[in-house]
Engineer: 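Structure below; questions to follow.
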Amino acid sequence: MTGWFEKAVEIVLEKEGLLSDDPRDNGGLTKYGISQKAYPGLDIRGLTRADAIEIYRRDYWRAVRGDDLAWAFALPLFDCAVNQGQGTAVALFQHALGVKVDGAFGPATLGAAQKVQATPDDVLSRFMAARIVRYAALSDWHVYGNGWAARCFHIALLARR
């Protein structure tokens, strides 16, 4: 199931955009979705697209074991890890799968995901709903909520293609 990363990272980069320094954004200065808050020692303004892609592969794709999953799960988990955090992505996925929620993507999580990947719709629906509920609890939901919800719906549609 390898080979999904290149497709997934292009989708996420399209969602994340280029340089942003919105004072309402808790992440602060951000480029290609890589924030100064998450990477305080990184020169965000000087970040190249290639560097951002490597960060995504190393710190986000691998955290959600994207190479071990069907596309229907790999894309949504990767997108969630990028936008909501790696531990959050895994915990929400574990909850959707009905396995122990510990935020660590281990053998039990992988086994449960592989068991249902041929018929992923129920798990995918629960996962995406949990993402939106988590967003809605944030203090800046009123600023970014419509965009976050639209992103979740779009990712879910792409995950089923």
Side-chain angles (χ1 to χ4, degrees), residues 1-20 25 27 30-35 37-39 42 44 47-135 144-161:
M1 286 184 229
T2 61
W4 297 131
F5 177 74
E6 289 75 15
K7 183 177 177 182
V9 79
E10 290 303 322
I11 291 167
V12 167
L13 284 169
E14 180 182 308
K15 297 287 179 201
E16 290 295 337
L18 299 174
L19 188 66
S20 171
D25 185 347
T30 303
K31 188 173 182 184
Y32 303 117
I34 307 296
S35 71
K37 182 177 180 181
Y39 294 89
L42 189 62
I44 297 296
L47 184 68
T48 67
R49 189 173 194 279
D51 290 339
I53 289 171
E54 185 48 39
I55 289 169
Y56 279 142
R57 181 188 309 273
R58 182 190 69 220
D59 296 347
Y60 298 89
W61 184 256
R62 289 182 183 151
V64 299
R65 306 220 14 207
D67 284 333
D68 298 324
L69 298 172
W71 176 249
F73 294 148
L75 174 62
L77 259 76
F78 176 58
D79 183 68
C80 184
V82 167
N83 200 245
Q84 294 178 282
Q86 301 94 319
T88 296
V90 174
L92 294 177
F93 189 52
Q94 289 170 326
H95 184 330
L97 286 168
V99 299
K100 180 182 174 189
V101 177
D102 62 8
F105 204 124
T109 303
L110 181 60
Q114 290 175 334
K115 183 176 178 183
V116 298
Q117 66 189 7
T119 55
D121 291 345
D122 288 343
V123 172
L124 180 60
S125 294
R126 287 192 300 270
F127 176 72
M128 298 310 277
R131 286 189 68 183
I132 293 173
V133 167
R134 185 164 175 94
Y135 280 131
Y144 301 111
N146 284 343
W148 288 333
R151 179 178 180 151
C152 284
F153 289 119
H154 189 233
I155 292 295
L157 288 172
L158 294 175
R160 293 305 289 140
R161 290 186 181 160

Engineer: Could you tell me which residues satisfy side-chain hydrogen bond (donor to acceptor under 3.5 Å, both in side chains) with E16, sequence neighbours excluded, listed by chain and number?
Structural biologist: N83, R151
Engineer: Supply the atom-to-atom distance R131 CZ to L92 CG, rounded to the nearest 0.5 angstrom.
Structural biologist: 8.5 Å
Engineer: Mind listing the closest non-hydrogen atom pair of C152 and M128 along with its distance?
Structural biologist: O-CE, 2.9 Å
Engineer: Side chains of Q84 and R134: any donor to acceptor distance under 3.5 Å?
Structural biologist: no
Engineer: Quick one: side-chain contact (heavy atoms from CB on, under 4.5 Å) partners of V123, sequence neighbours excluded?
Structural biologist: F73, F93, A96, L97, V116, R126
Engineer: Please enumerate all residues that pass side-chain contact (heavy atoms from CB on, under 4.5 Å) together with S20, with sequence neighbours excluded.
Structural biologist: D22
Engineer: To the nearest 0.5 Å, tell me how far I34 CD1 sits from I44 CD1.
Structural biologist: 7.0 Å
Engineer: With F153, which residues qualify under ring pair (Phe, Tyr, Trp, His ring centres under 6.0 Å), at least two apart?
Structural biologist: none
Engineer: Under the side-chain hydrogen bond (donor to acceptor under 3.5 Å, both in side chains) test, which residues partner T109, sequence neighbours left out?
Structural biologist: Q94
Engineer: D51: which residues meet the side-chain contact (heavy atoms from CB on, under 4.5 Å) condition with it, sequence neighbours left out?
Structural biologist: L47, T48
Engineer: What heavy-atom pair brings T30 and S35 nearest, and what distance separates the two atoms?
Structural biologist: OG1-CB, 3.7 Å
Engineer: Taking the side chain as C-beta and beyond, is there a heavy-atom pair between F105 and L110 under 4.5 Å?
Structural biologist: yes
Engineer: Hey, could you give me each pair passing salt bridge (charged side-chain N to carboxylate O under 4.0 Å, His left out) that has a residue in residues 80-90? Not counting sequence neighbours.
Structural biologist: none
Engineer: Return the CG to CZ distance between D68 and R62, rounded to the nearest 0.5 Å.
Structural biologist: 11.5 Å
Engineer: So, W61 side chain and W4 main chain: donor-acceptor pair closer than 3.5 Å or not?
Structural biologist: no
Engineer: Do other residues, nucleotides or ligands put more than 12 heavy atoms under 6.0 Å from K7 NZ?
Structural biologist: yes
Engineer: Show the nearest heavy-atom pair for residues L124 and A72, with the distance to one decimal.
Structural biologist: CD1-O, 3.6 Å
Engineer: How would you list, by chain and number, every residue that makes a side-chain hydrogen bond (donor to acceptor under 3.5 Å, both in side chains) with E54, sequence neighbours excluded?
Structural biologist: none
Engineer: Can you list everything that forms a side-chain hydrogen bond (donor to acceptor under 3.5 Å, both in side chains) with H154? Sequence neighbours excluded, please.
Structural biologist: K15
Engineer: Rounded at 0.5 Å granularity, tell me how far CG in L69 sits from CG in L77.
Structural biologist: 6.5 Å
Engineer: A side-chain contact here means heavy atoms from C-beta on lying under 4.5 Å apart; do R57 and E6 qualify?
Structural biologist: yes
Engineer: The criterion is ring pair (Phe, Tyr, Trp, His ring centres under 6.0 Å); which residues satisfy it with Y32, sequence neighbours excluded?
Structural biologist: none
Engineer: Between W71 and L158 (side chain of the first, backbone of the second, donor and acceptor by atom type, cut-off under 3.5 Å), is there such a pair?
Structural biologist: yes
Engineer: Minimum heavy-atom separation for A159 to L75, with atom names?
Structural biologist: N-CD2, 4.0 Å
Engineer: For Y56, give me all partners under ring pair (Phe, Tyr, Trp, His ring centres under 6.0 Å), at least two apart in sequence or on another chain.
Structural biologist: Y60, F78
Engineer: Show me the pairs that pass salt bridge (charged side-chain N to carboxylate O under 4.0 Å, His left out) and involve residues 83-109, at least two apart or across chains.
Structural biologist: none
